[in-house]
Protein chains: 2
Amino acid sequence: MARPYTPGVDRAHPAAGSAPADPVWSSVRDRLHASGLRWTPQRRTILDVLAASDGHVTGAELVERCRAIDPATTPSTVYRTLDVLEDLGVVRHHHGPDGREEFHVLPEAEHGHLHCRVCGRSWEVGAAEVEPMLDALRRHRGFEADISHMALVGRCADCREIRRG
Amino acid sequence: MARPYTPGVDRAHPAAGSAPADPVWSSVRDRLHASGLRWTPQRRTILDVLAASDGHVTGAELVERCRAIDPATTPSTVYRTLDVLEDLGVVRHHHGPDGREEFHVLPEAEHGHLHCRVCGRSWEVGAAEVEPMLDALRRHRGFEADISHMALVGRCADCREIRRG
DNA sequence: ATCGCTACTGCGACGCGTTGCGATAGAGTG
DNA sequence: CACTCTATCGCAACGCGTCGCAGTAGCGAT
Ligand SMILES: [Mn+2]
Ligand SMILES: [Mn+2]
Ligand SMILES: [Zn+2]
Ligand SMILES: [Zn+2]
């Protein structure tokens with residue numbers, strides 16, 4: 001049952017005016033203001049969800065979790081906010097083997113991603129491990145690759161073991 | 001104006017029974033049969049389109065070109081056939097910055113892909129250029145990465161020049 | 001408290017693929 | 001040629017995301 005758009009009133013967030021306790025998250029509000037952007041109940045919902053998540057989450061999952069807090073949540077708003085937050089460095093995204101988005105919340109260190117096509121598991125790969133190639137690309141072509149967005153698909157050690165080839 | 005499903009009759013391909021002249025393409029028919037798969041008018045249409053394409057093409061573009069030959073073409077059939085052809089090594093796909101599929105027809109050599117986020121241009125990167133990293137991943141983790149599926153997003157030399165950072 | 005600017009929201013429609021289903025038609029066999 | 005088996009097809013519905021539009025509401029200034 002989709003609620004119609006009911007401005008203000010029943011949309012008030014439990015603590016609408018304030019930001020989450022964690023200093024990392026609370027700074028977001030100020031950084032938005034500093035860029036002439038705004039602090040809204042919808043954005044607070046998304047930040048609450050992100051603060052409660054960690055590791056990699058798909059866009060659809062985030063939408064779903066927002067709806068758990070506010071059933072009136074709209075996908076377009078979530079995705080647009082994720083774009084904004086990516087500009088702020090709060091989240092990073094890459095794409096799974098099927099092209100779907102996966103978000104990493106507050107990545108401590110830059111890293112790329114490995115996806116096993118067979119078993120579906122995935123791993124993070126540190127910047128150091130790919131640095132040689134990135135250097136080569138920078139030197140030879142002047143291309144500066146975004147590590148966070150990197151996702152390599154292939155077969156993991158276990159799955160290669162099973163079916164030699 | 002969508003034509004209803006009109007089996008057989010007006011679906012006959014100009015040279016329905018035969019395969020394209022090029023030996024590479026004609027072999028496809030035999031290789032399908034060898035695997036217990038079938039040669040259909042729809043598949044011939046798609047192969048005609050692929051034979052007339054080169055470099056990278058999006059899935060949507062391929063569907064559109066098929067419709068130019070046979071307006072009754074259905075997306076699901078095209079995508080399913082592309083899957084089959086990828087198994088045969090006739091095409092390879094990767095994903096653009098937005099996650100959309102791009103197909104490379106008959107790649108002579110394995111290669112990865114670079115996409116500039118700013119100007120939107122893209123380049124191929126030879127296997128040799130990535131080999132060091134792939135070796136490292138194989139040695140340290142036993143992970144065998146698919147080069148053809150690799151797509152790095154970032155900023156090209158020109159676009160870095162313009163806005164230093 | 002009120003006002004004005006404009007960032008942001010929800011909506012609706014669209015684009016790209018994918019999937020399950022029942023009907024069709026390849027193609028090997030006799 | 002008829003017959004059978006089943007791969008493939010078209011369809012319809014769905015999932016993920018994006019975009020333009022018109023109305024709303026943050027927020028800084030008065
Ligand atoms: Mn893929
Ligand atoms: Mn992306
Ligand atoms: Zn695996
Ligand atoms: Zn560029």
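Convention: sequence-line order gives letters A, B, ...; per-chain numbering from 1.
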Measure [atom1]/[X] against [atom2]/[N] and give the value in whole Å, please.
{"X": "B:Asp87", "N": "D:dT8", "atom1": "CG", "atom2": "P", "value": "11 Å"}
{"X": "A:Leu32", "N": "D:dG26", "atom1": "CG", "atom2": "P", "value": "14 Å"}
{"X": "A:Leu85", "N": "C:dA7", "atom1": "CG", "atom2": "C1'", "value": "15 Å"}
{"X": "B:Arg67", "N": "C:dG15", "atom1": "CZ", "atom2": "P", "value": "11 Å"}

Please list, chain by chain and in numerical order, all residues satisfying side-chain hydrogen bond (donor to acceptor under 3.5 Å, both in side chains) with [X], sequence neighbours excluded.
{"X": "B:Arg31", "result": "none"}
{"X": "B:Arg43", "result": "none"}
{"X": "A:Glu101", "result": "none"}
{"X": "A:Glu61", "result": "none"}

Which residue pairs pass the salt bridge (Lys or Arg N to Asp or Glu O under 4.0 Å) test with at least one member in residues 125-139 of chain A, sequence neighbours excluded?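 Output for this query lists A:Glu129-B:Arg141, A:Glu131-A:Arg138, A:Asp135-A:Arg138, A:Arg138-A:Glu144.
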
Pick out the pairs of N or O atoms, protein on one side and nucleotides 1-4 of chain C on the other, that lie under 3.5 Å.
none

By salt bridge (Lys or Arg N to Asp or Glu O under 4.0 Å) - contacts of A:Arg117 (at least two apart):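 Per chain and number, A:Arg117 pairs via salt bridge (Lys or Arg N to Asp or Glu O under 4.0 Å) with B:Asp146.
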
Measure from the side-chain N and O atoms of B:Arg160 to the backbone N and O of A:Gly142, and report whether any donor-acceptor pair falls under 3.5 Å.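 Looks like yes, one N/O pair under 3.5 Å.
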
For a quick check under 3.5 Å, do A:Glu86 and A:His93 share a side-chain donor-acceptor pair by atom type?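 Short answer, yes.
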
Qualifying ring pair (Phe, Tyr, Trp, His ring centres under 6.0 Å) pairs, either residue in residues 67-88 of chain A, two or more places apart: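 Listed once each, the pairs would be none.
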
Does a nitrogen or oxygen in the side chain of B:Thr74 sit under 4.0 Å from OP1 or OP2 of D:dC9?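 No.
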
Contact under 4.0 Å: A:Gln42 side-chain N or O vs C:dG10 OP1/OP2: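 Yes, because at least one side-chain N or O of A:Gln42 sits under 4.0 Å from OP1 or OP2 of C:dG10.
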
Review item, nucleotides 16-19 of chain C N/O atoms under 3.5 Å of protein N/O:
unit_1: C:dG17; atom_1: OP1; unit_2: B:Glu101; atom_2: N; d: 2.6
unit_1: C:dG17; atom_1: OP2; unit_2: B:Tyr79; atom_2: OH; d: 3.2
unit_1: C:dG17; atom_1: O5'; unit_2: B:Tyr79; atom_2: OH; d: 3.3
unit_1: C:dG17; atom_1: O5'; unit_2: B:Glu101; atom_2: OE1; d: 3.4

Who pairs with B:His115 by ring pair (Phe, Tyr, Trp, His ring centres under 6.0 Å), at least two apart in sequence or on another chain?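 Testing B:His115 for ring pair (Phe, Tyr, Trp, His ring centres under 6.0 Å), a comparison that skips the adjacent residues, returns B:His94.
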
Show the atom names and distances, to 0.1 Å, of all donor-acceptor pairs under 3.5 Å that link a side chain in residues 104-111 of chain A to residues at least two apart or in another chain.
unit_1: A:His104; atom_1: ND1; unit_2: A:His56; atom_2: NE2; d: 3.0
unit_1: A:His104; atom_1: ND1; unit_2: A:His111; atom_2: NE2; d: 3.1
unit_1: A:Glu110; atom_1: OE2; unit_2: A:Ser148; atom_2: OG; d: 3.1
unit_1: A:His111; atom_1: ND1; unit_2: A:Ala109; atom_2: O; d: 3.0
unit_1: A:His111; atom_1: NE2; unit_2: A:His113; atom_2: NE2; d: 3.4

Please produce a list of atom pairs where a protein N or O lies less than 3.5 Å from an N or O of nucleotides 27-30 of chain D.
unit_1: D:dC27; atom_1: OP1; unit_2: A:His33; atom_2: NE2; d: 2.4
unit_1: D:dC27; atom_1: OP1; unit_2: A:Trp39; atom_2: N; d: 2.6
unit_1: D:dC27; atom_1: O5'; unit_2: A:His33; atom_2: NE2; d: 3.4

